[in-house]
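To start, the structure itself, in structure tokens.
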Amino acid sequence: MGVLGVGAVAGLALLEVTIRRSDVGASLVLGLLLLRETGFVDMGVAAGPVRIQATDLVFVVLFAAAVARLLRMDRSTTTQRLLITIGLLTIWALVRGTGPFGIPAAVNEARQFLWFTGSALYFATVEPRRELLDRIGRLWLAAAVMLAVIALIRWVGNTAGLSGGFFGRDDDLRVLPAAMTLIISQAAMLSFPFIVDRTAGWRRYLAPGLLVLIVVLQHRTVWVVTAVGALLLCRRERAIARRAVTLLLSVIVLFTALAFALFDDAEIQLTDQLATSAQSTATFEWRLEGWRALLTDTGPEGVEEVVAGKPFGSGYERTLPNGRTVSGHISPHNYYVEAVLRVGVAGLLLLVLIYAIALRGTSAVSRSGSVGAGLLTPTVLHVMIAVQLVFYVTYAPDMSQAMLLGLGCAVASGDTAGARPVPHRTEVAA
């Protein structure tokens with residue numbers, strides 16, 4: 001058997017396991033994000049006119065597993081049908097773009113939408129049982145801890161004069177991108193109940209430590225996301241919030257003092273950079289001008305493009321009021337604008353409807369207690385999904401955020417007996 005044969009057998013085996021075990025799918029998504037952040041995964045290999053990336057392979061596995069699960073169901077749920085419709089709009093925009101702009105340009109722009117839809121659809125087909133949600137919650141915390149370790153290693157390396165490659169720039173505390181910092185923020189929300197749990201051990205200090213890390217990483221959008229998430233959690237978990245706030249603030253002060261003691265000139269550098277980050281509005285103003293230009297100057301034309309979006313590959317080039325031209329390869333830094341441009345008003349409305357169903361469903365389930373988990377509860381999942389809507393104002397989602405949305409859709413429709421796979425179970429005990 002040749003290399004291709006071995007690869008095919010391994011791929012089929014992985015597909016079968018992914019169909020049966022959703023925590024394996026979650027491990028693929030989160031593990032790939034960690035490997036890409038560390039630079040241990042090659043960015044792609046040439047395959048004809050396009051380059052196949054590792055994320056493309058994970059997408060194929062998740063999408064194929066989702067299709068296999070859907071075929072075993074006697075009927076699909078509303079959110080599953082809505083996600084499939086967004087997928088069809090994406091494919092239609094991709095097909096329309098391959099002719100005038102070429103296959104590589106169209107595929108490169110479509111990737112993000114395909115990854116998001118495939119991941120969300122896969123996790124929307126799970127059975128939201130307590131043990132599964134717990135396992136995925138532990139995987140999320142493990143990923144956040146690994147990201148925290150990466151950030152600390154990079155800071156230590158930069159202090160020692162190392163820069164470039166894995167260590168990035170030596171003059172910047174922002175050693176993780178916003179998407180990775182969002183994962184850390186959501187892990188802090190996930191670990192919030194540990195603060196008042198005397199049996200949690202070291203996990204009691206996880207949320208405060210992660211919050212300090214979020215502040216130092218200096219992504220203002222994630223600051224806002226974290227604040228919104230904390231307010232939502234305190235509103236929905238008032239009994240825990242009253243006992244946790246004092247302890248949380250005390251531990252944050254302790255972590256901050258310890259950081260200043262360990263790193264020379266850390267207080268001055270951090271204070272200066274945080275002040276600059278908090279006061280600067282140039283980045284947001286530049287993005288706002290770009291959104292306006294994309295929607296008005298070079299936006300959709302005609303009924304078809306308004307409804308279904310412009311074809312993939314058409315780029316995002318825009319000219320700002322100061323005469324500066326932004327390259328078409330630079331994204332709009334707003335997922336809502338990006339959705340209108342590529343899947344049209346129809347696609348954006350479908351996305352909003354999916355979020356509305358997921359948020360309403362997780363809220364209702366958390367109140368009724370019909371689906372519970374010791375770690376990733378419907379309440380926490382509700383908050384982790386809600387803060388995505390804030391994050392999308394300046395950034396686009398990745399597969400990990402699609403995973404949360406899919407889980408929310410599954411929880412929202414978890415009591416729908418007709419959506420159960422027949423006759424096979426999609427999960428097996430760990």
Side-chain angles (χ1 to χ4, degrees), residues 22-23 25-26 29-30 66 76-83 86 116-117 119-141 182-183 185-193 207 225-241 335 350-392 397-420 426-427:
S22 295
D23 53 344
V29 171
L30 296 173
S76 58
T77 65
T78 300
T79 50
Q80 291 166 0
R81 292 192 293 270
L82 293 175
L83 285 168
I86 291 181
F116 180 84
T117 306
S119 178
L121 183 61
Y122 170 75
F123 288 99
T125 61
V126 307
E127 293 183 51
R129 296 177 291 110
R130 173 175 179 152
E131 57 270 26
L132 172 64
L133 294 176
D134 269 346
R135 292 199 297 270
I136 293 179
R138 288 193 291 269
L139 289 171
W140 196 277
L141 288 180
L182 176 62
I183 291 176
S185 173
Q186 291 165 321
M189 302 171 199
L190 186 60
S191 57
F192 182 74
V225 163
T226 305
V228 171
L231 291 174
L232 290 174
L233 273 177
C234 289
R235 180 177 178 271
R236 301 182 67 86
E237 298 284 0
R238 294 179 181 178
I240 295 177
Y335 189 54
L350 289 171
L351 183 67
V352 170
L353 183 56
I354 292 170
Y355 268 93
I357 294 173
L359 289 172
R360 181 179 179 182
T362 50
S363 178
V365 170
S366 63
R367 288 196 301 267
S368 66
S370 58
V371 178
L375 182 60
L376 185 56
T377 64
T379 295
V380 176
L381 181 59
H382 174 89
V383 174
M384 293 171 75
I385 295 172
V387 298
Q388 293 178 351
L389 300 176
V390 180
F391 186 76
Y392 295 165
D398 57 20
M399 295 181 77
S400 66
Q401 301 306 315
M403 176 174 72
L404 294 178
L405 176 60
L407 288 174
C409 293
V411 169
S413 57
D415 295 329
T416 306
R420 290 286 184 252
T426 58
E427 305 291 343

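When reading the values below, keep in mind they use all heavy atoms of this one structure, side chains included, and skip hydrogens, waters and symmetry mates. For reference, positions follow the sequence shown, starting with 1.
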Exercise. Roughly how far, to the nearest 0.5 Å, is CG of Asp23 from CG of Leu133?
Worked result: 11.0 Å

Seminar exercise, completed: For Val383 and Gly229 the tightest heavy-atom approach is CG1-O, 3.6 Å

Exercise. So, for Leu359 and Ala386, which heavy atoms are closest and what is the spacing to 0.1 Å?
Worked result: CD2-N, 3.7 Å

Exercise. From Tyr122 OH over to Leu407 CG, what is the distance, rounded to the nearest 0.5 angstrom?
Worked result: 10.0 Å

Exercise. Is there a donor-acceptor pair under 3.5 Å between the side chain of Gln388 and the backbone N or O of Gln401?
Worked result: yes

Exercise. Do the non-hydrogen side-chain atoms of Leu381 and Leu404 ever get within less than 4.5 Å of each other?
Worked result: yes

Problem set entry | Nearest-0.5 Å distance that lies between atom CE in Met384 and atom OG1 in Thr379 | 12.5 Å

Seminar exercise, completed: In terms of heavy-atom contacts, Gly408 and Ile385 come closest through CA-CD1, 3.6 Å

Exercise. Any side-chain heavy atom of Leu132 sitting closer than 4.5 Å to one from Glu127?
Worked result: no

Exercise. Heavy atoms, side chains only, cut-off 4.5 Å: are Phe123 and Cys409 in contact?
Worked result: no

For this session: Specify the closest pair of heavy atoms between Leu190 and Gly137, including all atoms of both residues, with the distance to one decimal.
Result: CD2-O, 3.4 Å

Exercise. Do Trp140 and Leu375 have side-chain heavy atoms sitting under 4.5 Å apart?
Worked result: no

Problem set entry | CG-CD1 distance between Leu141 and Ile136, expressed to the nearest 0.5 angstrom | 12.5 Å

Exercise. Can you find a pair of side-chain heavy atoms, one from Arg138 and one from Asp134, that are under 4.5 Å apart?
Worked result: yes

Exercise. Backbone N or O of Arg360 within a donor-acceptor pair of the Ser363 side chain at under 3.5 Å?
Worked result: no

For this session: Keeping the roles fixed (side chain from Ser191, backbone from Ala188), state whether a donor-acceptor pair exists under 3.5 Å.
Result: yes

Exercise. Between Leu182 and Asp398, is any pair of side-chain heavy atoms under 4.5 Å apart?
Worked result: no

Problem set entry | Pair Ser400-Ile183, side-chain contact (heavy atoms from CB on, under 4.5 Å): steps then yes or no | CA-CA 8 Å; Ser400 66; Ile183 291 176; 3.8 Å; yes

For this session: Check the pair Val126 / Met403 against side-chain contact (heavy atoms from CB on, under 4.5 Å), numbers first and verdict last.
Result: CA-CA 11 Å; Val126 307; Met403 176 174 72; over 6 Å; no

Seminar exercise, completed: Minimal heavy-atom distance between Arg81 and Ser76, with the atoms involved, is NH1-O, 2.7 Å

For this session: Drop me the distance from Thr79's OG1 to Tyr355's OH, to the nearest 0.5 angstrom.
Result: 12.5 Å

Problem set entry | Distance in Å, Met189 CE paired with Leu376 CG, rounded so as to fall on 0.5 Å steps | 12.5 Å

Exercise. Do Tyr335 and Leu351 have side chains that get closer than 4.5 Å, going by heavy atoms?
Worked result: yes

